[in-house]
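Numbers for residues simply follow the sequence, beginning at 1. Keep in mind that what you see is a predicted model, and the values were worked out from it rather than measured. Ligands are counted one by one from 1 in listed order, and the atoms in each one are counted from 1 as well.
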Amino acid sequence: MLSISSDIDRRYQLSGKEFFSEYVKKSQPVIISGVIQTWDAFTKWSLLYFQSLAPDLKIYAKHFRNGKIEIENFTFQEYADILNINEQGEQEIRPPYCHDLPLLSLIPEIVKDIQPFVLEYLPKWYSYKWWRYCQFFIGASRSLTPLHFDCLLTNNLFFQISGRKQFTLFLREDAQYCYRYNWRWFKIDPEKPDLAQYPLYQNAKPIQVIVNPGDILYMPPGTLHHVRSWDKSISFNIDWHTQHSVLQGLAAITKGMPLKNVYYNFLLALGLIVKVPPQVIFRFYKTYLNYVS
Ligand SMILES: O=C(O)CCC(=O)C(=O)O
Ligand SMILES: [Fe+2]
C-alpha cells in the first residue's frame with residue numbers, strides 16, 4: 001500500500017553554507033524557518049495593497065483544464081472580486097489562478113518589503129537585481145497546481161507570505177512512476193491516484209508537507225510537486241541554477257527537454273560558467289518569465 005510521509009527536514013535559521021552543503025549538494029528538499037519573518041510583506045501585502053499601487057496593471061491568471069492551460073487577464077480589482085466571490089461560494093468551480101507573475105518587476109515599490117533578502121541561499125551571479133527572477137503565485141483557497149517539475153530543471157526557493165499550502169513532493173527518481181506528458185507534467189493526481197489506470201504509481205514515495213507563512217521551501221532540480229492552497233494565498237519563488245544543475249539541465253536535451261528550454265539553460269550556463277554578466281544575459285533571458293509551458 002502506498003504510504004505518505006512528511007519526511008523532510010525543517011531547519012530554523014539555516015546558514016547559507018549549511019544550506020548548500022547539506023541540501024543543494026545532496027539534492028534534498030528542506031523547509032527553512034525563522035529567517036524572513038521580519039519582512040514587511042507579512043503585514044503589508046494583499047490584493048488591495050497591490051491594487052492601490054497599480055490600479056491599471058493587467059495581470060494574468062491561468063486555468064488548468066484537462067492538461068491544458070488557458071490564460072485570462074484581469075486588473076487586481078477584478079481579480080480580487082473573483083476571489084472574494086469564490087471564498088463565499090460553492091467549492092466546485094475553481095477560480096483562475098494568478099501563476100508565475102513577475103510582480104516585483106511590475107511593481108518595483110514592493111521590493112523593499114522583502115528586505116533583507118536571503119542572498120546567502122543563491123549563487124552570487126543572481127545577486128545583481130535578484131528581484132527580477134521572482135515569480136508570484138496569488139490565488140484563492142483550494143487553488144491547485146497539478147503535478148509537474150520546473151521546466152528548466154532548476155533549483156527552486158519558494159517563499160510563503162500569506163495563507164498555507166500543501167505540497168506533495170516526489171524526488172526526481174520517482175518520475176518514472178508518475179506518467180509524464182508534455183515534458184514536465186504528470187498524469188497522476190496524488191490526491192486521488194487511479195492505481196488501476198496507473199499501476200506503477202504504487203512504487204512512488206509521496207512526501208506531503210505544509211508550507212506556512214514565513215517558511216521557505218527548497219526543492220532540488222527535478223522534484224515533482226503538486227500544490228494545493230488551503231487558504232487565500234500569496235507566495236513567490238525563484239528558480240535558479242548552480243554550475244552543476246545548469247549542466248544537468250543542458251544534458252536533458254537527450255531526455256526530451258524542449259529546445260526553447262535548452263536555449264534558456266544555455267543562457268544561464270553562459271552566465272554561471274562562462275561568467276557573462278547578468279546585465280547581458282537578462283536581456284535574452286527575460287522572456288522566460290512570461291513563458292507558459
Ligand atoms: O504555488 C503553487 O501553486 C505552485 C508553485 C510551483 O509550482 C513552483 O514554485 O514551481
Ligand atoms: Fe513548479
Side-chain angles (χ1 to χ4, degrees), residues 8 29-32 36 41 45 59-65 67 69 71 79 83 86 94-104 114 118 121-122 126 133-172 174-175 178 180-186 188-191 206-241 245 249 252 257-258 261 264 288-293:
I8 89 169
V30 60
I31 295 180
I32 304 167
I36 56 172
W45 284 7
I59 58 166
Y60 46 83
K62 295 179 184 171
H63 293 272
F64 295 95
R65 286 196 185 113
I69 301 174
I71 307 262
Y79 190 57
L83 296 204
N86 170 72
R94 234 180 298 131
Y97 187 6
C98 174
H99 199 278
D100 268 340
L101 183 77
L103 192 60
L104 300 177
I114 51 173
V118 290
Y121 299 148
L122 290 172
Y126 287 92
Y133 303 98
C134 296
Q135 294 282 61
F136 276 65
F137 302 87
I138 305 171
S141 59
R142 304 183 305 279
S143 291
L144 176 75
T145 303
L147 190 63
H148 69 285
F149 57 68
D150 293 343
C151 68
L152 302 185
L153 293 172
T154 40
N155 299 268
N156 182 331
L157 275 172
F158 184 90
F159 301 83
Q160 189 61 19
I161 304 298
S162 63
R164 296 160 299 168
K165 281 182 169 171
Q166 174 179 297
F167 278 70
T168 309
L169 307 176
F170 300 85
L171 300 183
R172 66 176 165 219
D174 272 0
C178 294
R180 185 157 67 89
Y181 67 97
N182 288 354
W183 170 235
R184 69 187 193 113
W185 297 97
F186 291 85
I188 292 294
D189 174 356
E191 291 178 346
I207 305 168
Q208 212 167 68
V209 295
I210 308 306
V211 178
N212 291 299
D215 286 344
I216 306 173
L217 168 66
Y218 166 67
M219 291 185 281
T223 303
L224 280 58
H225 44 291
H226 167 282
V227 188
R228 168 70 76 186
S229 299
W230 279 8
D231 309 298
K232 255 189 183 175
S233 161
I234 301 176
S235 340
F236 67 90
N237 77 9
I238 298 193
D239 284 354
W240 49 279
H241 267 313
S245 71
M257 182 186 270
N261 303 21
Y264 290 123
Y288 171 66
L289 302 167
N290 299 308
Y291 174 35
V292 179
S293 72

Quiz item: Using a distance-only test with no angle check, is there a side-chain donor-acceptor pair under 3.5 angstrom linking Asp150 and His225?
Solution: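 Note: Asp150 and His225 side chains meet the donor-acceptor criterion.
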Quiz prompt | Full working for side chain to side chain contact (heavy atoms under 4.5 Å, CB included) between Leu157 and Asp239 | solution = CA-CA 7 Å; Leu157 275 172; Asp239 284 354; over 6 Å; no
One residue to check: [X]. Relative to ligand 1, which of side chain, backbone, both or neither has a non-hydrogen atom less than 4.0 Å away?
| X | result |
| --- | --- |
| Asp150 | side chain |
| Leu144 | neither |
| His225 | side chain |

Quiz item: Is Asn237 in polar range of ligand 1, meaning some N or O pair under 3.5 Å apart?
Solution: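 Checking ligand 1 against Asn237, an N or O pair does fall under 3.5 Å apart.
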Exercise. Would you mind reporting whether Phe158 and Ile216 have side-chain heavy atoms less than 4.5 Å apart?
Key: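 The answer is no, as the side chains (C-beta and beyond) never meet within the 4.5 Å cut-off.
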Practice problem: Could you give me the CA-CA distance, side-chain angles and deciding distance for Trp240 and Tyr121, then say whether ring-ring contact (aromatic ring centres under 6.0 Å, His included) is met? | Solution: CA-CA 10 Å; Trp240 49 279; Tyr121 299 148; 9.2 Å; no
If you count the atoms of ligand 1 from 1 in the order shown, which ones are under 4.0 Å from a heavy atom of [X]?
| X | value |
| --- | --- |
| Lys165 | 1 (O), 2 (C), 3 (O) |
| Phe158 | 1 (O), 5 (C), 9 (O) |
| Tyr97 | 1 (O), 2 (C), 3 (O) |

Quiz item: Would Lys62 and Asp100 pass as an ion pair if we require N to O under 4.0 Å?
Solution: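 Result for this pair is yes, salt bridge flagged.
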Quiz item: Relative to the ring of Tyr97, is the ring of Phe64 parallel (under 30°), tilted (30 to 60°) or perpendicular (over 60°)?
Solution: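 Rings of Phe64 and Tyr97: perpendicular, over 60°.
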Quiz item: Does the ring center of Tyr126 lie less than 6.0 Å from the ring center of Tyr133?
Solution: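 Yes; Tyr133 has its ring centre under 6.0 Å from that of Tyr126.
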Exercise. Considering only non-hydrogen protein atoms, determine which one is nearest to atom 4 (C) of ligand 1 and report residue, atom name and distance to 0.1 Å.
Key: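 Scanning the protein heavy atoms, the shortest distance from atom 4 (C) of ligand 1 goes to Thr145 OG1, 3.4 Å.
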Exercise. Answer yes or no for His148: is there a heavy-atom contact with ligand 1 below 4.0 Å?
Key: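 In this structure, His148 qualifies as a contact of ligand 1 - some heavy atom is under 4.0 Å.
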Exercise. Return the name of the atom in Asp150, of element N, O or S, nearest to the Fe ion (ligand 2).
Key: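 The Fe ion (ligand 2) is closest to the Asp150 atom OD1, counting only N, O or S.
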